[in-house]
There are 2 protein chains.
Amino acid sequence: MANESSTDTSTDTATDRRRATIWEVAKAAGVSHQTVSRYLRNDAKMRPETVARVRQAVEELDYRPNLTARSMRTRRSGRVAVLLPAVATYGPPQILSGVMEVAHEHGYTVEAFSVEGTPADRFERVRELADSGQVEGVLALAPLPPGSGGRFPERAAIVVSADYDDKFRGVGELADGSPVEDLVVRLAELGHRRFLHVTGALDYASARGRRDVFVATVERLGLGPAQVIESDWSAEGAHAAVLSLPEKDHPTAVIAASDVGAAGVVLGARERGWTIPGDLSVTGWDNNQLGAYLEPTLTTVNVDHRKLGRAAMARLVATLQPETAAAREAEAASDGPLNTIIWRGSTGPAPS
Amino acid sequence: MANESSTDTSTDTATDRRRATIWEVAKAAGVSHQTVSRYLRNDAKMRPETVARVRQAVEELDYRPNLTARSMRTRRSGRVAVLLPAVATYGPPQILSGVMEVAHEHGYTVEAFSVEGTPADRFERVRELADSGQVEGVLALAPLPPGSGGRFPERAAIVVSADYDDKFRGVGELADGSPVEDLVVRLAELGHRRFLHVTGALDYASARGRRDVFVATVERLGLGPAQVIESDWSAEGAHAAVLSLPEKDHPTAVIAASDVGAAGVVLGARERGWTIPGDLSVTGWDNNQLGAYLEPTLTTVNVDHRKLGRAAMARLVATLQPETAAAREAEAASDGPLNTIIWRGSTGPAPS
DNA sequence: GGCTAGGAGGTGATCGATCACTTCGCAAGG
DNA sequence: CCTTGCGAAGTGATCGATCACCTCCTAGCC
């Protein structure tokens with residue numbers, strides 16, 4: 001509403017007032033340009049008096065190093081590219097916050113790219129970026145085609161393809177499906193014996209991860225062959241899955257791969273006359289804010305997206321600067337839990 | 001799960017295989033470096049034969065222009081900065097998608113920054129960015145302090161502070177509160193006469209915008225002094241607001257500033273024994289996916305975030321390249337609606 | 001034939017920093 | 001007294017493009 005929006009400074013001011021160069025600073029300080037350069041790079045071997053003179057000149061002229069010139073000479077751009085999926089319908093910005101935090105902490109600036117299309121398209125884009133020499137590294141927050149790992153015979157840029165998929169659902173070491181194990185174990189303690197997992201779209205690595213953990217856990221607990229119905233994150237898919245269940249000996253606990261899917265499960269259960277959590281316990285994933293206001297309130301998994309982003313960029317930085325690998329360790333060590341389960345009203349003891 | 005994650009190319013390959021320069025291309029093509037430069041810049045006045053020779057040399061050497069060197073000479077970085085709020089809990093990535101789309105369409109790369117703290121901190125950061133000469137423009141997707149508009153006496157970079165606030169809720173010309181008017185009018189047609197608006201946090205421009213439109217519309221329709229209760233986007237605040245209403249002649253329609261707030265309203269109404277939409281109609285904002293699964297399903301406002309982002313960057317580009325201002329017009333003209341109301345079960349005729 | 005116009009391409013300077021050497025000055029050691 | 005060593009600062013080359021200006025050549029015209 002206020003008119004503070006859309007402000008442009010007069011372009012002429014911009015043009016004629018050029019920033020001072022290292023030479024001008026040198027002249028003002030009565031030293032050589034190289035001495036100024038030393039000052040900028042914090043070279044230890046300078047007389048305090050000289051340092052002071054340069055410092056003053058820098059301040060008077062409001063000098064700032066031209067990073068373009070610097071990076072031309074040093075052949076280091078100090079930039080990393082982050083590839084974001086273009087079509088993310090879900091995908092918290094906190095992940096990007098975490099990414100930027102770590103990048104800036106290590107002196108990198110972040111260039112954002114988005115890319116439409118298939119994983120193959122993305123792969124091509126990443127190659128291009130890595131090959132362009134514009135950036136030192138590429139962090140792909142969208143999945144690349146399976147097996148593209150070894151296929152980066154490119155130049156300067158190093159690629160870390162993080163384990164995220166199109167919807168920013170984390171998988172792999174960063175955010176694996178392990179909470180599924182906790183969910184199943186706890187529900188088993190509550191007496192549940194027949195479990196069902198309604199998956200996300202299985203071309204998503206995270207969906208596969210959750211399914212795999214589910215299957216492994218159910219079998220480990222000796223709860224018979226795991227029941228899995230493939231779906232696609234949507235409520236409709238989960239809804240249909242519930243309707244397809246047999247009336248007799250139907251599952252009493254459903255692990256959905258998303259909150260939206262869980263909502264579909266609840267809807268389907270209602271239509272079949274099953275009460276929740278009386279006849280059926282349901283869990284979701286994502287901690288959607290409205291989950292606490294569903295009827296019943298929804299048990300879900302909360303994901304610390306910022307931490308996810310931090311870990312991803314820490315990995316890239318560690319690859320770029322092996323000597324700073326300590327950073328990555330530190331990052332890994334700073335673990336509070338990445339995922340926490342929030343138990344609410346949609347889960348309860350198994351029906352007797 | 002797959003081991004395609006975290007891949008680093010051998011650094012030595014990166015180091016020794018330097019990209020060919022314009023000079024090497026020139027030598028290979030048997031022309032001068034300047035001719036190669038002409039070829040790159042698509043200079044019209046070249047003999048087709050020469051063009052072919054250069055083209056072949058470029059391909060053979062897999063040459064690509066060093067953009068750092070170019071931008072050093074041309075003094076144009078081709079980069080714009082986008083300032084993202086660090087703490088956004090809500091804030092769809094589609095907005096960033098839209099921003100990047102338009103930037104890339106116009107040949108800019110996008111540098112992402114986030115910033116913690118107060119609007120004043122952000123303002124300082126924007127100044128710094130604009131002043132650094134690193135970027136040609138800054139797009140602030142977080143609000144700056146009121147009145148900071150005229151205070152950018154900086155160099156090259158031009159600043160457009162878009163009308164977004166900490167939670168990416170759009171306001172102003174891009175996404176004003178006008179859907180509020182439609183909501184109120186339609187509900188009035190359904191017989192409602194006593195309206196209540198539960199605001200978002202009023203330091204957010206978008207919250208103020210929605211409130212202002214609400215007040216204006218209610219008064220225009222002659223529905224008496226508008227009833228407004230200040231809240232903060234949260235469910236708790238909205239919940240408390242409902243509990244504070246009088247039993248007699250309470251409002252029959254509540255416009256909440258967010259879906260979460262609407263959920264709080266619904267909860268409060270339940271506790272008071274009011275049915276929805278029988279005794280009370282409720283509307284939200286944001287089109288949270290779970291809104292369709294609340295009891296009752298939630299009427300809400302869907303916002304086209306990608307379009308929002310496109311419009312914002314189009315504005316910046318138009319400022320940077322006034323001659324291309326056509327772009328902005330085109331962007332503005334390509335309007336499907338930015339906001340659409342989704343009517344669902346939480347709204348209905350006024351109680352008789 | 002001579003002169004001009006303009007197409008096509010070449011030459012050298014330049015952008016603003018860092019790097020690799022060189023130089024200067026002073027003190028310690030032989 | 002000369003040499004050596006080293007701290008401190010200076011000189012010139014360099015990164016890879018573009019810009020400004022110059023040269024060459026040929027066609028066209030009087």
Side-chain angles (χ1 to χ4, degrees), chain A residues 14-55 57-58 61-79 107 132-134 136 155-156, chain B residues 14-55 57-58 61-79 107 132-134 136 155-156:
Chain A
T15 320
D16 57 354
R17 263 186 67 188
R18 242 185 37 234
R19 192 116 249 168
T21 74
I22 201 174
W23 285 91
E24 295 167 304
V25 174
K27 201 170 74 180
V31 298
S32 76
H33 68 283
Q34 175 63 340
T35 301
V36 179
S37 180
R38 283 203 184 86
Y39 166 78
L40 296 174
R41 306 199 336 123
N42 280 324
D43 193 319
K45 315 196 166 182
M46 289 181 68
R47 281 213 313 270
E49 178 204 322
T50 313
V51 169
R53 284 234 305 280
V54 175
R55 187 201 316 284
V58 163
L61 297 175
D62 190 24
Y63 166 85
R64 316 234 189 127
N66 179 324
L67 296 187
T68 305
R70 172 180 293 172
S71 88
M72 175 167 172
R73 180 72 243 235
T74 60
R75 302 174 152 294
R76 289 204 49 216
S77 64
R79 289 191 280 159
S132 72
Q134 292 301 293
E136 294 181 38
R155 330 196 171 241
Chain B
T15 320
D16 57 355
R17 262 186 67 188
R18 241 186 36 235
R19 192 117 249 167
T21 75
I22 201 174
W23 285 91
E24 294 166 304
V25 174
K27 201 170 76 180
V31 297
S32 78
H33 69 284
Q34 174 64 339
T35 300
V36 177
S37 181
R38 285 204 182 84
Y39 166 79
L40 296 174
R41 306 198 337 120
N42 281 326
D43 191 319
K45 316 195 163 185
M46 288 181 71
R47 281 214 311 273
E49 178 203 324
T50 314
V51 170
R53 284 231 306 278
V54 175
R55 187 202 316 286
V58 163
L61 297 176
D62 190 24
Y63 167 83
R64 315 233 189 128
N66 179 323
L67 297 187
T68 304
R70 172 179 292 172
S71 88
M72 175 167 171
R73 181 70 243 235
T74 62
R75 305 172 150 293
R76 290 205 46 216
S77 65
R79 289 190 281 159
S132 72
Q134 292 301 293
E136 296 181 36
R155 330 198 170 238

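Computation of the quantities below employed the complete heavy-atom set of this structure, encompassing side-chain atoms and omitting hydrogens, waters and symmetry-equivalent molecules. Here is the naming used below: chain letters follow the sequence lines, and residue numbers restart at 1 for every chain. This one's a predicted model, so the numbers in the text were calculated from it and none came from an experiment.
When all heavy atoms of A57(A) and A28(A) are compared, the closest pair comes out as CB-CB, 4.0 Å. Nearest heavy atoms, Q134(A) versus S77(A): O-OG, 3.2 Å. H33(A) approaches I22(A) most closely through the heavy-atom pair O-CD1, 3.5 Å.
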Write down the protein N/O and nucleotide N/O pairs, taken from nucleotides 20-23 of chain C, whose separation is under 3.5 Å; answer none if there are no such pairs.
| from | atom 1 | to | atom 2 | distance (Å) |
| --- | --- | --- | --- | --- |
| dA20(C) | N6 | Q34(A) | NE2 | 3.2 |

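Protein chain A touches strand DNA chain D; the 5'-most and 3'-most nucleotides with an atom under 4.0 angstrom of its non-hydrogen atoms are dG7(D) to dG16(D).
Nearest-nucleotide assignment on DNA chain D puts the 5′-proximal partner with V51(A), out of P65(B) and V51(A). Of the residues near DNA chain C, R73(B) and R47(B), the one whose nearest nucleotide (by heavy atom distance) lies more toward the 5' end is R47(B). Both R75(B) and S32(B) lie close to DNA chain C; mapped to their nearest nucleotides by heavy-atom distance, the more 5′-ward contact belongs to S32(B).
To the nearest 0.5 Å, atoms CZ (R70(A)) and CZ (R41(A)) are separated by 8.5 Å. The distance from atom CZ of R73(B) to atom CZ of R75(B), rounded to the nearest 0.5 Å, is 8.5 Å.
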key: Check against side chain to side chain contact (heavy atoms under 4.5 Å, CB included), T21(A) and N66(A)   = CA-CA 8 Å; T21(A) 74; N66(A) 179 324; over 6 Å; no
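Among the heavy atoms of the strands, none lies under 4.0 Å from R76(A). Using a 4.0 Å heavy-atom criterion, one finds that M46(B) contacts the sugar-phosphate atoms exclusively. Counting any heavy atom pair closer than 4.0 Å across all strands shown, Y39(A) reaches no nucleic acid atom. No contact: T68(A) has no heavy atom under 4.0 Å from any strand.
When atom types are taken as modelled, the side chain of E136(A) and the backbone of R76(A) share no donor-acceptor pair closer than 3.5 angstrom. Not a single donor-acceptor pair under 3.5 Å links the side chain of T68(A) to the backbone N or O of M72(B). Using a distance-only test at 3.5 Å, with no hydrogens or angles considered, no donor-acceptor pair links the side chain of R19(B) to the main chain of L61(B).
Of the side-chain N and O atoms in K45(B), one or more sit less than 4.0 angstrom from OP1 or OP2 of dG7(C).
Within a heavy-atom distance below 4.0 Å of DNA chain D, the residues of residues 24-31 of chain A found are V31(A).
Judged by distance alone, with hydrogens and angles left aside, H33(B) brings a side-chain donor or acceptor within reach of the base of dG12(C), the pair sitting under 3.5 Å.
Between Y39(A) and the choices T50(A), V58(A), V25(A), the side-chain contact (heavy atoms from CB on, under 4.5 Å) rule is met once, by V58(A).
P48(B) is not listed as a side-chain neighbour of V51(B), based on a closest heavy-atom distance of 4.5 Å or more.
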